[in-house]
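Bear in mind that the values here come from a model prediction, so they are computed numbers and not experimental data.
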Amino acid sequence: VKKEDKLINTFCLETGGLEHGTPIVQGIYNDLNLDFVNPTQEELEAVAAKFKIFLEANHKDKADSIYSKLMAILNG
């Protein structure tokens, strides 16, 4: 499984499931004008930064925990 797939899957599952998270992910990728298929490490880091903003605004109680999981994926 590719790093970007793990990142997206983890974010979605931690924020209410694929049905809820996928539109958020699509919006972030569109806002950043990124390629879903072959993002660079830097682009994935930008996605993670946007995920963090979303998490802090919408899931304050578990934002740090989820963000730590996302960073472990990026740095793994």
Side-chain angles (χ1 to χ4, degrees):
V1 179
K2 297 190 303 184
K3 190 183 292 190
E4 56 268 25
D5 294 336
K6 286 183 185 179
L7 189 73
I8 291 168
N9 193 49
T10 300
F11 175 81
C12 289
L13 293 178
E14 293 286 346
T15 58
L18 292 172
E19 209 171 280
H20 179 264
T22 300
I24 297 164
V25 171
Q26 289 172 331
I28 289 171
Y29 269 74
N30 288 336
D31 286 349
L32 295 172
N33 196 31
L34 300 182
D35 178 11
F36 266 98
V37 180
N38 291 309
T40 65
Q41 179 69 23
E42 292 79 21
E43 290 171 336
L44 290 175
E45 290 169 3
V47 169
K50 291 278 193 175
F51 284 168
K52 183 176 184 182
I53 292 167
F54 175 86
L55 292 167
E56 289 173 344
N58 297 283
H59 298 276
K60 287 183 183 184
D61 58 324
K62 56 183 185 173
D64 289 338
S65 172
I66 297 170
Y67 187 68
S68 292
K69 289 179 185 180
L70 298 175
M71 292 310 294
I73 292 166
L74 281 182
N75 297 320

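One finds the CD1 atom of Ile24 at 5.0 Å from the OG1 atom of Thr15 (value rounded to the nearest 0.5 Å). Between the NZ atom in Lys3 and the CG atom in Leu74 there is a gap of 6.5 Å [rounded to 0.5 Å]. Atom CD of Gln26 and atom CD1 of Ile28 lie 11.0 Å apart (nearest 0.5 Å). The CD1 atom of Ile66 sits 8.0 Å away from the CG atom of Asp61 when rounded to the nearest 0.5 Å. Here the CG atom belonging to Asn75 is positioned 11.0 Å from the CG atom belonging to Leu70, to the nearest 0.5 angstrom.
Between Phe11 and Phe54, the ring-plane angle classifies as perpendicular under the 30° and 60° cut-offs.
Between Leu32 and Glu43 there is no side-chain heavy-atom pair separated by less than 4.5 Å. Inter-residue side-chain proximity for Pro39 and Leu34 is flagged as unmet; no heavy-atom pair is nearer than 4.5 Å.
Between the side chain of Asn9 and the main chain of Asp5, no donor-acceptor pair closer than 3.5 Å is present. For the pair Lys62 (side chain) and Glu14 (backbone), a donor-acceptor distance under 3.5 Å is present.
Leu7 is not connected to Leu18 by any chain of hydrophobic side-chain contacts under 4.5 Å among Ile, Leu, Val, Met, Phe, Trp and Tyr, and they are in different clusters.
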- request: Test Glu4 against Tyr29 for side chain to side chain contact (heavy atoms under 4.5 Å, CB included), laying out the working first.
  value: CA-CA 11 Å; Glu4 56 268 25; Tyr29 269 74; 4.2 Å; yes
task: Report the C-alpha distance between Val25 and Phe36 in whole Å, list the side-chain angles of each, state the deciding distance to 0.1 Å, and finish with yes or no for side chain to side chain contact (heavy atoms under 4.5 Å, CB included).
output: CA-CA 10 Å; Val25 171; Phe36 266 98; 4.1 Å; yes
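No more than 12 heavy atoms of other residues, nucleotides or ligands shown are found within 6.0 angstrom of CG on Asp64. No more than 12 heavy-atom neighbours from other residues, nucleotides or ligands sit within 6.0 angstrom of CG on Asn33. Atom NZ of Lys2 has more than 12 neighbouring heavy atoms from other residues, nucleotides or ligands inside a 6.0 Å radius.
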